[in-house]
Every structure is written in C-alpha cells, then in structure tokens.
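As the structure lists them, so they are numbered: ligands from 1, and atoms in each ligand from 1. When a residue number appears, it is its place in the shown sequence, counting from 1.
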Amino acid sequence: MSKVVLITGASRGIGRAAAILCGERGWSVGINYAGNREAAELTAEDVRKAGGQAIILQGDVAVEADVIAMFDETEKQFGQLDGVVVNAGIVAPSQQLADMSAERLKRMFDVNVLGAYLCARESARRLSVERGGKGGSIVLVSSVASRIGSPFEYIDYAGSKAAVDTLALGLSKELGAQKVRVNAVRPGLVNTDIHASGGQPDRAHRLGVNTPMGRPGEAVEIAEAIVWLLSDASSYTSGALLDVSGGR
Ligand code: NAP
C-alpha cells in the first residue's frame, strides 16, 4: 500500500537513505533539509528514480513555524500522512562538559530535543484517529549514545538522545489507542557526514573497527530498520528502542 512519509534531515546521511528506500516502495516522501538545497534536490531526484514521489522542504526543526509548514506542505502535496521519521540531528566538536559553552548546549538541545518534540507533536496531531488522522507510524532516530553517555566526546548529544528515547517510550503509550505506533532506532557508528561536522571525519572508521562487528555501519543499514518500522510489517511493534549498532 502506498504511503505518505515526511523525513526530517533527509538531504544527507541516514535520512537520505531512508527516503530512497521509501521511493523504492513507491511511497511519497517529504524531504526536509536545513540549508543544503543541492543535496535535498539530489535526494528527491533519487527517490523519483527509485519509483516514488518527492518534494523538498527547507526548515529548521528547532523553529516551530518551520515544522508546522513542512507538515502542512507535505499533506497539501500528497494527502494525509502515514508516517514520520524524526531524524534531523546534530553533534558538535568533542569536548568535556567542563569546557562546553551555554550556546553550544542550547543549540544541541534546541535541535535534538526541542526539534524532535515539535516534530513528534505535529505527528501526533496529524496521525491520531481522534484528531482526524488515519493512524500510522512515527520513527524517532536516537543513538546508542543515550546508553553509553559519550564521555570526553559529547555528553550533551548523548543526553539529547536519552530524551528522544524517553519520548518514544511515553508517546507510544499516549498514542497506542490512536492507531499510531512510535518507536526509536538507535544507530551505532555510521558512515555519514555527521562525524566531519563534529571535527572528526574518520571517526566512524576509527572507532568502528573496535566494535563487535569490526566495522562502521552504512546509512542504508539503518534506513532498512527505519523503513521496516514505517511499514505494516511491524504492525505490532510500538515503544521499542531498536539498536542498529553492529553489537556496540
Ligand atoms: P548527517 O549526515 O550530518 O545529516 C544531517 C541531516 O540533518 C542533513 O540532512 C541536514 O540538513 C539535517 N539537519 C541538520 N540540522 C537540521 C535542522 N536544524 N533542521 C532540519 N534539518 C537539519 O547526519 P546523519 O549521520 O545522517 O544523522 C541522522 C540522525 O542519526 C541524527 O539524529 C543523528 O544524531 C543520528 N545518529 C547518527 C549516527 C552516525 O554515526 N551517523 C549515530 C547515531 C545516531 P542539511 O543537509 O541541509 O545540512
């Protein structure tokens, strides 16, 4: 059955890979991005080539008006949503907490926590059957950092992802009767641009060799789990925190 899905942070990395897998299923995808329009357009092109429909949606998930606008536009173009992937997230350069500025902490929690909560809230409003939705699936992209704590690297990021885990647990219970399933995927070390944005482009490879599977993951390996959780094949899975981390 065809689905309408909105994916935040889908211009690059894990979100982009998930968008293309949705395209392969013939689904319609809203591709949100922050600033990299060229990358978003490339993802949209690849979704269409794969057999789906796509639109691109600029917006900062930490800005409420942007979040509402991206949901509105997706529903205007494709009809009522079936699924949302709350994926956009950031890291910052490695530091100990003692050295972190308030500005850094604020931006981390604005994007990764407030952004996730705003996107999840908007999803709850639009998917819940009692509010006129048709039910569906919300997939939150967390991280195994939430249970590791990421000392000496970014415990701000780790804490932001712990909030995402808790959001998945609570919201899955709020929305169970609304025919909305809510789950979190917790990737381990995945080969994407995010590590370069934290000042360590080789991080996934460098640390990945010491994980149980001896390598970093690829974005598509996380995307497979996300798309399974969006699909009807996971119809009895809700409130799960699914580690996709090569055993890390
Ligand atoms: P990435 O390659 O750095 O891509 C980040 C994506 O998020 C881009 O599409 C970017 O848009 C978008 N974005 C960033 N800030 C945004 C904002 N404020 N509003 C809207 N979009 C924004 O990251 P990734 O590795 O794919 O990570 C995706 C998710 O997986 C994140 O939540 C991350 O924490 C989580 N994760 C990643 C790893 C890993 O090892 N890669 C591990 C665990 C968890 P632009 O292209 O426009 O900048």
Separation between CD1 of Ile7 and SG of Cys119, rounded to the nearest 0.5 Å | 12.5 Å
Could you list all the salt bridge (charged side-chain N to carboxylate O under 4.0 Å, His left out) pairs where at least one residue sits in residues 134-148, not counting sequence neighbours?
-> Asp82-Lys134, Arg147-Asp243
Answer yes if the side chains of Ser234 and Arg181 hold a donor-acceptor pair under 3.5 Å, and no otherwise.
-> yes
Let me know which protein residues bring a heavy atom to under 4.0 Å of ligand 1; chain then number is fine for ordering.
-> Gly9, Ala10, Ser11, Arg12, Gly13, Ile14, Asn32, Tyr33, Ala34, Gly35, Asn36, Gly59, Asp60, Val61, Asn87, Ala88, Gly89, Ile90, Arg107, Val111, Val141, Ser142, Ser143, Tyr157, Lys161, Pro187, Gly188, Leu189, Val190, Thr192, Asp193, Ile194, His195
Residues that Glu24 engages under side-chain hydrogen bond (donor to acceptor under 3.5 Å, both in side chains), provided they are two or more places apart = none
Applying side chain to side chain contact (heavy atoms under 4.5 Å, CB included) to Ala39 and not counting sequence neighbours gives Ser11, Arg12, Asn36
Would you please say whether a donor-acceptor pair under 3.5 Å links the side chains of Asn112 and Ser160?
-> yes
